[in-house]
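Written out below as structure tokens is the structure these notes cover.
Indexing begins at 1, ligand by ligand and atom by atom, following the structure's order. Throughout, residue positions are numbered sequentially from 1 according to the sequence presented.
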Amino acid sequence: MSLVAEKLRSVEARIYAAAVRAGRAPASVRLVAVTKTVPVEFVVEAAQAGAKILGENRVQEALSKKPELDRLKAATHEAGLPSPPVWHLIGPLQKNKARQAVGEFDLIHSLESIELAREIDRQAKKKGIIQKALLEINIASEETKHGIRPEEAAGFVKEASAFGNLKIIGLMCVPPAANDPEKSRPYFKEMNRLAAELALEGFDMTELSMGMSQDFEAAVEEGATLVRVGTAIFGSRA
Ligand SMILES: *Cc1c(COP(=O)(O)O)cnc(C)c1O
């Protein structure tokens with residue numbers, strides 16, 4: 001087994017254990033293997049080891065890796081193997097890149113302005129598809145962070161529900177960087193509470209994207225359905 005495959009297995013086992021600890025169905029949590037800056041040969045190794053979702057921060061970088069993964073897709077299809085991975089965009093999306101991003105990513109985790117929502121909707125309409133996205137929440141209300149403030153989430157989702165070709169299916173956050181996962185836990189709890197509140201108002205809150213290499217187990221315990229893990233699978237980035 002490759003080193004990437006071994007580490008992927010280990011992260012999957014930790015997700016499974018955290019879900020069980022929290023009394024959740026392990027299948028309700030999916031792993032996004034974050035491949036930013038990772039050379040495509042290791043991304044292919046992860047796919048061959050069974051990674052189902054690949055996460056990239058930049059549209060261009062993802063598009064540059066896609067052809068290689070598409071070749072793998074064709075090959076696994078011929079061999080009757082399980083479906084190869086889909087791509088998620090997890091990093092900030094500039095409005096002028098929306099055209100390239102729409103349709104290439106199964107899910108955009110980083111929706112953070114109505115202008116961006118409008119542009120994604122417009123591009124999706126042109127392509128005749130429905131683009132799924134998560135609303136990025138600036139959960140600690142940090143000055144420098146992407147995302148919208150928790151108290152603005154309900155208004156945003158309501159406004160965005162007018163867009164016919166954009167479908168918001170949940171929330172995402174990147175809490176303040178911390179070495180101790182227990183520092184992230186209160187933010188994860190707060191995200192869960194916010195999602196529950198929006199669900200009560202009738203909004204689709206299927207997905208909760210939270211948790212990275214440092215704190216994904218705490219995120220699973222607090223209700224994450226998607227965890228985004230890079231370093232723990234591919235090693236530290238240069
Ligand atoms: C890089 C990145 C991750 C993965 O971080 P690791 O600490 O390497 O697991 C997750 N989410 C976002 C938004 C990122 O930019």
Side-chain angles (χ1 to χ4, degrees), residues 3-15 18 29-40 42-43 45-47 49 51-65 85-94 97 101 104-113 116 132-142 144-148 168-185 187-188 191 195 207-238:
L3 185 58
V4 166
E6 265 173 43
K7 288 180 165 177
L8 184 74
R9 286 289 163 277
S10 151
V11 168
E12 285 170 346
R14 288 168 62 192
I15 292 171
V29 189
R30 293 180 300 151
L31 169 63
V32 180
V34 176
T35 54
K36 66 181 181 214
T37 77
V38 174
V40 70
F42 296 120
V43 183
E45 276 186 17
K52 297 273 183 292
I53 308 171
L54 305 175
E56 282 281 348
N57 273 50
R58 293 163 184 273
V59 178
Q60 215 48 56
E61 188 177 342
L63 294 183
S64 76
K65 290 172 186 172
V86 296
W87 294 85
H88 285 188
L89 183 68
I90 62 169
L93 176 61
Q94 285 164 343
K97 298 267 170 63
E104 295 289 344
F105 298 93
D106 245 43
L107 184 62
I108 296 172
H109 290 227
S110 45
L111 184 60
E112 57 168 341
S113 75
L116 178 60
K132 287 181 286 180
L134 305 179
L135 182 55
E136 182 167 354
I137 303 293
N138 182 357
I139 193 62
S141 299
E142 295 169 275
T144 55
K145 269 283 171 64
H146 288 277
I148 74 153
I168 297 180
I169 60 167
L171 307 178
M172 175 269 211
C173 79
V174 183
N179 289 326
D180 177 2
E182 292 312 315
K183 295 228 166 73
S184 306
R185 192 183 296 274
Y187 297 115
F188 295 152
M191 285 291 288
E207 304 288 356
L208 198 46
S209 167
M210 56 188 196
M212 308 177 17
S213 291
Q214 286 294 346
D215 53 17
F216 67 87
E217 286 152 307
V220 169
E221 287 164 7
E222 301 305 333
T225 65
L226 290 165
V227 293
R228 311 176 309 266
V229 179
T231 310
I233 300 170
F234 298 104
S236 50
R237 291 177 288 274

Reference residue H109; test side-chain contact (heavy atoms from CB on, under 4.5 Å); the match among E136, E207, K132, H88:
H88
Flag side-chain contact, heavy atom, 4.5 Å: D215 against D180
no
Just verifying a value: how many Å separate E45 CD and L3 CG, rounded to the nearest 0.5 Å?
8.5 Å
Give a table of atom pairs where an N or O of ligand 1 lies under 3.5 Å from a protein N or O.
residue  : atom   : partner : partner atom : Å
ligand 1 : 8 (O)  : T231    : N            : 2.8
ligand 1 : 8 (O)  : T231    : OG1          : 2.5
ligand 1 : 8 (O)  : R237    : NH1          : 2.8
ligand 1 : 8 (O)  : R237    : NH2          : 3.1
ligand 1 : 9 (O)  : S213    : N            : 3.0
ligand 1 : 9 (O)  : S213    : OG           : 2.5
ligand 1 : 9 (O)  : G230    : N            : 2.8
ligand 1 : 11 (N) : R228    : NE           : 2.8
ligand 1 : 15 (O) : K36     : NZ           : 2.6
ligand 1 : 15 (O) : N57     : OD1          : 3.3
ligand 1 : 15 (O) : N57     : ND2          : 3.0

The criterion is side chain to side chain contact (heavy atoms under 4.5 Å, CB included); which residues satisfy it with K97, sequence neighbours excluded?
V59, L93, Q94, Q100
Which donor-acceptor pairs under 3.5 Å do side chains of residues 228-235 form with protein atoms, sequence neighbours excluded?
residue : atom : partner : partner atom : Å
R228    : NH1  : C173    : O            : 3.4
R228    : NH1  : S209    : O            : 3.1
R228    : NH1  : S209    : OG           : 2.8
R228    : NH2  : C173    : O            : 3.0

My understanding is that only residues two or more places apart in sequence, or in another chain, count here; which of them pass salt bridge (charged side-chain N to carboxylate O under 4.0 Å, His left out) with K145?
E142
